[in-house]
Amino acid sequence: MTNSTNAAGANQTGLQNLIPRPAYAAPAAGKFRLAPQAAIRVDPPSADLVALAGYLADRLRPATGYALAVVPADQAPAGGNILLATSGGDPALGEEGYELIVEPAAVRLWAAGPAGIFWGIQTFRQLLPPAIESLQSQAGPWEIPAGVVRDWPRFGWRGVMLDVARHFFGVEDVKRCIDLAAYYKLNRLHLHLTDDQGWRLVIESWPELARTGGATAVGGDPGGYYTQADYAELAAYAQSRFITLVPEIDVPGHTNAALAAYPELNCSGIAPEPYTGIEVGFSSLCISKEITYRFLDDVIGEVAALTPGPYLHIGGDEAKSTPPADYVQFIERLQSIVQARGKLMVGWEEISTASLLPSSIPQAWASDVSKKAVQQGCKVIVSPGNRTYLDMMYDENCPLGLHWAGYVEVRDAYDWAPADLVPDIPESAILGVEAPLWSETLHTIRDIEFMAFPRLAGIAEIGWSPAAGRSWDEYRLRLAQHGPRLSALGVNFYRSPQIDWI
Ligand code: TNX
């Protein structure tokens with residue numbers, strides 16, 4: 001950011017407290033005050049922009065109590081109003097970039113397309129006082145400091161993963177995760193839908209997967225599953241927040257729930273007991289049986305048809321009960337199935353030992369094996385366990401989480417660079433970052449919030465913001481200012497002792 005300091009005690013304008021830190025921001029003199037009669041002008045009055053204006057109005061109405069009418073730009077003056085415009089947006093800012101100009105007289109938000117407008121709206125929300133996020137009416141004034149933000153993302157993949165298999169989380173919980181992710185400009189929600197302990201999506205051609213496989217969860221807790229209508233609703237909700245849903249069907253390991261539902265998927269022909277522990281690596285689909293591939297084609301076919309986004313994650317991790325040669329053959333055959341269903345295959349880093357299409361995407365989490373995929377022309381998602389795993393305990397007193405990858409305090413999750421992980425994986429081979437939240441120890445949305453926040457905000461910044469000009473020392477000051485925002489959003493966040501919360 002230019003013309004601004006961010007030292008403790010300096011005059012903190014809203015522009016200096018944005019997370020993710022924008023590519024460019026410059027303060028100007030004066031303030032814009034949102035007034036009761038303000039309107040949201042759209043140019044052009046397309047369905048996309050009218051929907052985005054409605055989304056913005058919905059965010060602002062509860063706290064302000066203002067009507068915030070949505071009107072075509074040519075039917076209301078600029079003065080006192082907020083403009084959302086794709087006509088005249090600068091294509092150089094890219095599909096997700098935007099320009100926000102705040103002047104005392106008006107607010108103008110431009111982008112080449114709707115995604116940029118959506119991310120610009122998140123910036124605008126963060127410039128308003130934290131109380132704007134309250135669902136109860138609050139006293140204003142609703143002022144924001146004047147200035148200019150020109151902003152675009154560093155990486156195209158800015159993800160968060162939720163494990164709904166170890167414990168199940170319903171549609172409303174997932175929608176809340178989507179909304180909170182969007183606030184920090186994340187654009188991928190990876191849903192880990194299947195594992196040893198539960199199968200969470202109805203597959204019409206194999207109904208016992210959800211019926212039997214969905215009944216269990218870790219610790220004997222209640223299971224659950226999404227109907228296909230639930231799943232479609234989540235995908236559409238994510239899309240309305242410019243987040244692409246990435247479904248994961250984890251094979252060939254992590255499959256006890258499927259193997260328990262269908263004995264014929266086992267090499268022995270005998271179904272195992274349902275599993276509610278938290279060990280990994282003991283289950284495998286039967287690589288040598290043809291029915292395994294009919295099963296996969298049916299499952300992948302239904303999931304692909306339900307999924308609007310281009311990606312389908314096939315897991316592939318910790319297949320310790322699948323011999324390595326079988327594993328490679330299996331992944332290569334599965335890659336053809338995913339490709340035939342029109343999707344790009346994503347898999348955990350272990351898939352890198354197979355022969356991959358350059359469009360297949362490994363997700364690095366524990367080793368440097370993904371460099372084998374980079375050598376094949378693939379791009380990688382980085383999710384290092386000791387930095388991005390939101391299920392790692394913050395410290396030894398953390399009431400939730402695991403610690404096999406170490407304790408991950410807020411600084412650990414923020415103070416690293418994707419290109420520094422593996423020398424053979426340069427930034428040009430990195431698609432982006434993702435923070436997985438595994439749910440062995442989590443039961444409620446409050447638990448999810450506690451583990452995700454505030455670490456997820458830091459991961460989001462690594463995904464969005466240029467490296468130049470940001471550092472832990474200044475980030476921790478910005479993050480401190482987000483305490484009241486997270487509180488107003490009702491988020492049960494971890495009050496890390498590394499942050500001087502205001
Ligand atoms: C490793 S990361 C796993 C998951 C566990 C997680 C717990 C990865 C691809 N596999 O099965 O839930 O550790 O932190």
Side-chain angles (χ1 to χ4, degrees), residues 1-27 97 100 119 122-123 126-127 130 145 147-160 181 183-186 382-390 392 394-395 405-423 425-428 430 432-435 452-486 493-502:
M1 279 175 269
T2 57
N3 304 331
S4 59
T5 56
N6 209 349
N11 197 14
Q12 300 270 318
T13 72
L15 283 177
Q16 289 169 295
N17 295 326
L18 295 168
I19 299 177
R21 189 177 198 266
Y24 172 87
L100 176 65
W119 303 130
Q122 307 315 317
T123 297
Q126 288 195 11
L127 291 173
V148 175
V149 178
R150 278 174 66 81
D151 196 17
W152 59 91
R154 178 179 180 190
F155 292 109
W157 188 293
R158 305 180 304 279
V160 60
Y183 190 64
Y184 290 103
K185 302 189 176 78
L186 294 164
V382 297
S383 298
N386 58 357
R387 301 293 191 173
T388 65
Y389 270 35
L390 300 174
M392 290 300 112
Y394 289 97
D395 64 17
Y407 298 111
V408 180
E409 247 294 356
V410 175
R411 180 173 187 163
D412 302 308
Y414 180 77
D415 206 0
W416 62 284
D420 292 347
L421 294 177
V422 180
I425 307 184
E427 178 149 340
S428 59
I430 296 175
V433 295
E434 183 173 300
F453 291 98
R455 289 182 291 197
L456 186 57
I459 304 296
E461 174 152 309
I462 291 169
W464 181 281
S465 306
R470 60 183 180 81
S471 68
W472 166 251
D473 286 339
E474 62 86 27
Y475 174 72
R476 61 187 289 280
L477 303 178
R478 272 185 290 135
L479 183 56
Q481 305 286 328
H482 279 242
R485 286 185 190 280
L486 291 168
F493 66 100
Y494 167 63
R495 295 191 155 263
S496 166
Q498 296 183 328
I499 306 297
D500 302 318
W501 299 102
I502 61 163

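Proximity of L456 to L186: side-chain heavy atoms (C-beta onward) are separated by under 4.5 Å at one or more points. Under the 4.5 Å side-chain criterion, counting only non-hydrogen atoms from C-beta, N386 is not in contact with M392. For the pair L390/V408, no side-chain contact is recorded, criterion being any heavy-atom separation below 4.5 Å from C-beta on. Residues W157 and V382 have side chains not in contact (no heavy-atom distance under 4.5 Å, counting atoms from C-beta outward). Side-chain contact between D412 and R455 is absent, with no heavy-atom pair separated by less than 4.5 Å.
Closest heavy-atom contact between L479 and I19: CA-CD1, 3.8 Å. Contact between V433 and G463 at its shortest, heavy atoms only, is CG2-CA, 3.7 Å. A pairwise comparison of heavy atoms in G97 and P153 identifies N-CD, 4.4 Å as the closest pair. What you find for P22 and D151 is that their closest heavy atoms are CA-OD1, 3.3 Å. Here the closest non-hydrogen pair linking L15 and A25 is CD2-CB, 4.3 Å. Nearest approach of L127 to P145, heavy atoms of both residues: O-CD, 4.3 Å.
Listed by chain and number, the residues in a salt bridge (charged side-chain N to carboxylate O under 4.0 Å, His left out) with D500 are R476 (sequence neighbours excluded). Residues meeting the side-chain hydrogen bond (donor to acceptor under 3.5 Å, both in side chains) test with Y184, sequence neighbours left out: H482. Applying the salt bridge (charged side-chain N to carboxylate O under 4.0 Å, His left out) criterion to R470, with sequence neighbours excluded, gives no partner residue. A search for salt bridge (charged side-chain N to carboxylate O under 4.0 Å, His left out) contacts involving E434 returns nothing, not counting sequence neighbours. By the side chain to side chain contact (heavy atoms under 4.5 Å, CB included) test, P466 is found to be paired with A23, residues two or more places apart in sequence or in another chain being considered. Judged as a side chain to side chain contact (heavy atoms under 4.5 Å, CB included), and not counting sequence neighbours, the contacts of Y183 are Q122, R125, Q126, E133, R485, L489. With sequence neighbours left out, D395 forms a side-chain hydrogen bond (donor to acceptor under 3.5 Å, both in side chains) with no residue at all. The ring-ring contact (aromatic ring centres under 6.0 Å, His included) check on Y414 picks up Y475, with sequence neighbours excluded. Q498 meets the side-chain hydrogen bond (donor to acceptor under 3.5 Å, both in side chains) test with no other residue; sequence neighbours excluded. Residues meeting the side-chain hydrogen bond (donor to acceptor under 3.5 Å, both in side chains) test with S465, sequence neighbours left out: none. With sequence neighbours excluded, the residues that form a salt bridge (charged side-chain N to carboxylate O under 4.0 Å, His left out) with R158 are E96. Residues satisfying the ring-ring contact (aromatic ring centres under 6.0 Å, His included) test with W501, not counting sequence neighbours, are F493.
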Q: Show your working on side chain to side chain contact (heavy atoms under 4.5 Å, CB included) between K185 and T123 and close with a plain yes or no.
A: CA-CA 9 Å; K185 302 189 176 78; T123 297; 2.7 Å; yes
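R21 contributes no side-chain N or O that, together with a main-chain N or O of R478, makes up a donor-acceptor pair within less than 3.5 Å.
Note that CD of E409 and CD1 of I499 are 8.0 Å apart. Values are rounded to the nearest 0.5 Å. A distance of 8.0 Å separates CD1 of I502 from CG of N17, quoted to the nearest 0.5 Å. Here the CH2-CH2 distance, from W472 to W416, works out to 14.5 Å after rounding to the nearest 0.5 Å. For the atom pair F155 CZ and I430 CD1, the distance stands at 5.5 Å (nearest 0.5 Å).
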